[in-house]
Amino acid sequence: MNETHRRHGRCLCGSVTIRATQVGSSVGACHCSMCRTWGGGPLLAVECGADAVIEGGDWITVYPSSEWAERAFCSRCGTHLFYRLKADGRLFLPPGLLENDPALTFDHQIFIDEKPAYYEFANETRNLTGAEVMASFSGEEA
Ligand SMILES: [Zn+2]
Ligand SMILES: [Zn+2]
C-alpha cells in the first residue's frame with residue numbers, strides 16, 4: 001500500500017470543494033478516447049480512496065460515462081472533479097485540483113494503446129494497455 005496524504009482541493013470557481021484523506025502519490029495518465037473527449041487531452045489522475053468529502057451541492061453534475069464508472073464536473077465553471085469506479089466508490093482526482101501538492105510522481109500511463117501519435121510524455125512510466133487495465137480492475141483487491 002502506498003503512503004497517502006490529506007489534501008484539499010477546489011474547482012476553478014470555488015463552488016465545489018474537496019477534502020480527501022487518502023490521496024496517493026502516484027499520478028497516472030489515461031489516454032482512452034473517452035478521457036480525451038472529456039478533457040480534450042489525456043486525463044491526469046491520482047487515486048484518493050473512497051472517503052473523500054466533496055461539497056458543492058447542485059453544482060456537482062455526475063455523468064455515468066460507462067457501466068463501471070462515472071465522471072463529475074462543476075456545472076458552474078466546468079472544472080472536472082473526479083472519475084469514480086461504481087463497484088467500490090474509489091475516486092480519482094485530477095492532481096491539478098489539489099492544494100499543497102504533495103510529492104507526486106507521474107509513474108504510469110493506461111490505455112496506452114489508445115494514445116494518438118501526436119503527443120508523447122517524456123516521463124519514464126509503467127504503461128498498460130486497455131485490456132491490461134480491465135484485467136487489473138477485476139482482479140485487484142480493494
Ligand atoms: Zn466551479
Ligand atoms: Zn480514460
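For ligands, and for the atoms within them, numbers begin at 1 and follow the listed sequence. Computed over heavy atoms, backbone and side chain alike; hydrogens, waters and symmetry mates excluded.
- Residues forming a side-chain contact (heavy atoms from CB on, under 4.5 Å) with P64 (at least two apart in sequence, or on another chain): K86.
- Listed by chain and residue number, the protein N/O/S atoms under 2.8 Å of the Zn ion (ligand 1) are C11 SG, C13 SG, C74 SG, C77 SG, with waters left out.
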Side-chain donor-acceptor distances from residues 31-38 under 3.5 Å, at least two apart:
unit_1, atom_1, unit_2, atom_2, d
H31, ND1, Y119, OH, 2.8
H31, NE2, Q109, OE1, 2.6
R36, NE, H31, O, 2.8
R36, NH2, E114, O, 3.1
T37, OG1, S33, O, 2.8

Under the side-chain contact (heavy atoms from CB on, under 4.5 Å) criterion, do E47 and Q22 qualify, and how do the steps go? CA-CA 8 Å; E47 187 171 346; Q22 299 180 61; over 6 Å; no
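- Remark: the backbone N or O of F111 is not paired with any side-chain donor or acceptor of T129 at under 3.5 angstrom.
- Checked by atom type and distance alone, the side chain of N123 never pairs as donor or acceptor with a backbone atom of T125 at under 3.5 Å.
- Taking CG of L44 as the start and CG of L93 as the end, the distance is 12.5 Å to the nearest 0.5 Å.
- Hydrophobic clustering places V62 together with I18 (ILVMFWY residues linked when any side-chain heavy atoms are closer than 4.5 Å, directly or through intermediates).
- Linking Ile, Leu, Val, Met, Phe, Trp and Tyr whenever their side-chain heavy atoms come within less than 4.5 Å leaves L98 and L12 in two separate clusters.
- H8 NE2 to T21 OG1: the interatomic distance, rounded to the nearest 0.5 Å, is 9.5 Å.
- Protein contacts to the Zn ion (ligand 2) involving N, O or S atoms at a distance below 2.8 Å are C30 SG, C32 SG, C35 SG.
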